[in-house]
Amino acid sequence: MRILFFGRGVISTQYAWAFEKAGHTVEFYVRKGRKETFGSNIELEMWDARRGKQLIKESWNVKLHEEMSPNYDLIIVSVNTEQLPEAAQLLSTAAGNTPVLIFNNVWQDLKSSISPLSMNNVVFGFPGGGGGIADNRLRGGFLKMLFLEKPRVGTEHINNKVKELFESAHFKISWIKDMQNWLWNHFAMNAAIETEVLKLGSFPALMNHSDSFANVGKNMRGIIPVLKARGAKIDTISLLLTKIPPALLGTLFNKVIFAKGSLPRLFIEYNNSKAGFAVLEVVREAKKLGIPLPRLTVAFENNEQHKAIENSIS
């Protein structure tokens, strides 16, 4: 297949590398001026967990474009959540009938999140990886598993194309029956985590603070009424974060889920992105619904980033 990735971020770069190794042609669309800034290669230091645990270290040549054409078999979008509306707008005029995989976190309802794109030309998924890029060096990795919505009426052909692509690169798909609900719960968990990142200053600091995940559980307890008010069903992970006593939850995350040396822990430790947007979106929704969220609100408003984040999307 010939695949275009929208943006050259952490997720796009890692999966593009895997697809190229599987024999596909991969290219990137970047904003004007970024082609020169990024250059023609990127230094990779990432963990590939499709077959065991392999560290990939190489200088990888990439093909970047600042203009978009519809001459692709598939376009994959993985951008910061606040950039998704702009990406959808551009794709609606430049992508033609090329099918699109939205490989992204989403808090809005799915249809409005990708407007003016047609839902019949889009499928939603979520990656199993993470990390960060600094000074043209990517540190991170990906797991064998990723998440993809089960076909909706009219999207079966796109789902099959996406399925064939990932399976050709030896990934395993976890099929999600209700992607909207899954993404709402996942976004809420991100907001609960980012609240602690705002307080501590960085994702690595989150992983090295003993009370981090006990506090994440407390944050999630506050968000549950917001999820319920917008019609979400609370999934297993969300229940885990809210039902287990905070002290026990902290031990579970620090010693098991994010144990030292584990890939999930490394993915977060390598994450150098700016936290806050997920918190802002959930706080806004809570205010609209009249639901108090003191823990999230105080953490966001006491952080110097909050005005910059609000101004960037206003």
Side-chain angles (χ1 to χ4, degrees), residues 5-19 28 42-58 60 76-84 101-107 124-148 166 169-174 176 182-183 185-198 200-209 212-213 216 237 241 253-254 256-279:
F5 282 84
F6 194 101
R8 200 216 63 174
V10 174
I11 297 301
S12 294
T13 302
Q14 294 184 105
Y15 282 92
W17 175 87
F19 293 149
F28 297 85
I42 182 168
E43 301 300 319
L44 303 179
E45 185 180 323
M46 63 188 192
W47 291 96
D48 178 354
R50 288 172 295 171
R51 297 168 174 168
K53 184 179 175 182
Q54 182 181 8
L55 179 60
I56 307 299
K57 297 184 75 171
E58 68 174 81
W60 184 48
I76 300 179
V77 178
S78 181
V79 296
N80 293 333
T81 309
E82 60 268 31
Q83 297 172 323
L84 186 55
L101 168 64
I102 303 295
F103 213 37
N104 227 85
N105 225 357
V106 177
W107 177 241
F124 293 85
F126 199 86
I133 299 176
D135 300 323
N136 204 42
R137 179 186 177 215
L138 185 154
R139 300 178 74 204
F142 49 79
L143 307 173
K144 186 180 181 69
M145 182 74 73
L146 60 103
F147 304 91
L148 188 67
F166 281 104
H170 306 289
F171 288 101
K172 184 177 180 181
I173 296 170
S174 176
I176 306 298
W182 191 93
L183 286 168
N185 276 270
H186 189 275
F187 196 97
M189 181 178 68
N190 273 20
I193 290 172
E194 285 191 19
T195 299
E196 296 310 299
V197 175
L198 289 175
L200 297 170
S202 70
F203 283 93
L206 172 83
M207 302 308 299
N208 293 293
H209 192 278
S212 291
F213 288 100
V216 167
I237 300 298
L241 288 168
F253 272 84
N254 287 314
V256 181
I257 298 173
F258 294 116
K260 287 188 176 181
S262 69
L263 292 186
R265 185 185 184 95
L266 290 174
F267 297 166
I268 292 181
E269 288 181 335
Y270 293 152
N271 188 341
N272 57 359
S273 64
K274 298 291 185 183
F277 182 76
V279 183

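- Rounded to the nearest 0.5 Å, atoms CD (Glu269) and CG (Leu263) are 11.5 Å apart.
- Two residues are said to be in side-chain contact when any heavy atoms from C-beta on lie closer than 4.5 Å; Ile176 and Leu183 fail this criterion.
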Phe6 and Ile76: CA distance, side-chain angles, deciding distance, side chain to side chain contact (heavy atoms under 4.5 Å, CB included) verdict: CA-CA 6 Å; Phe6 194 101; Ile76 300 179; over 6 Å; no
Residues Phe171, Lys144; criterion side chain to side chain contact (heavy atoms under 4.5 Å, CB included); working and verdict: CA-CA 5 Å; Phe171 288 101; Lys144 186 180 181 69; 5.6 Å; no
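- For the atom pair CZ (Arg8) and OG (Ser78), the distance works out to 13.5 Å, reported to the nearest 0.5 Å.
- In this structure, CD1 in Ile237 is found 7.0 Å from CD1 in Ile257, a value given to the nearest 0.5 Å.
- With Arg137 as the partner, the salt bridge (Lys or Arg N to Asp or Glu O under 4.0 Å) test is satisfied by one option alone out of Glu45, Glu43, Glu58: Glu45.
- The closest side-chain heavy-atom distance from Asn272 to Phe203 is not below 4.5 Å.
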Residues Phe126, His186; criterion side chain to side chain contact (heavy atoms under 4.5 Å, CB included); working and verdict: CA-CA 10 Å; Phe126 199 86; His186 189 275; 3.1 Å; yes
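- Here Phe103 and Tyr15 bring their ring centres to under 6.0 angstrom of each other.
- A salt bridge links Asp48 to Arg50: one of the charged nitrogens lies within less than 4.0 Å of a carboxylate oxygen.
- Using a 4.5 Å heavy-atom threshold, the side chains of Trp107 and Phe277 count as separate.
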From CA spacing to verdict: side chain to side chain contact (heavy atoms under 4.5 Å, CB included), Phe166, Leu101: CA-CA 12 Å; Phe166 281 104; Leu101 168 64; 3.8 Å; yes
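- Taking both residues in full, the closest heavy atoms of Ala169 and Phe19 are given as CB-CD2, 3.8 Å, listed atom of the first, atom of the second, then distance.
- Residues Ile133 and Arg139 fail the side-chain proximity criterion, which asks for heavy atoms closer than 4.5 Å.
- Under the 3.5 Å distance criterion, the side-chain polar atoms of Ser212 are matched with a main-chain donor or acceptor of His209.
- Here the CG atom belonging to Asn271 is positioned 9.5 Å from the OG atom belonging to Ser202, to the nearest 0.5 angstrom.
- Trp17 and Phe142 have tilted rings, their planes meeting at an angle from 30° to 60° on a 0 to 90° scale.
- Counting heavy atoms from C-beta on, the side chains of Thr81 and Val106 never come closer than 4.5 Å.
- Between Phe258 and Ile268 the shortest side-chain heavy-atom distance falls below 4.5 Å.
- With sequence neighbours left out, Phe28 forms a ring pair (Phe, Tyr, Trp, His ring centres under 6.0 Å) with Phe5.
- The two atoms that bring Val279 and Leu198 nearest to each other are CG2-CD1, 4.1 Å, heavy atoms only.
- Counting heavy atoms from C-beta on, the side chains of Phe253 and Met207 never come closer than 4.5 Å.
- With a 4.5 Å cut-off on side-chain heavy atoms, Met46 and Leu138 count as touching.
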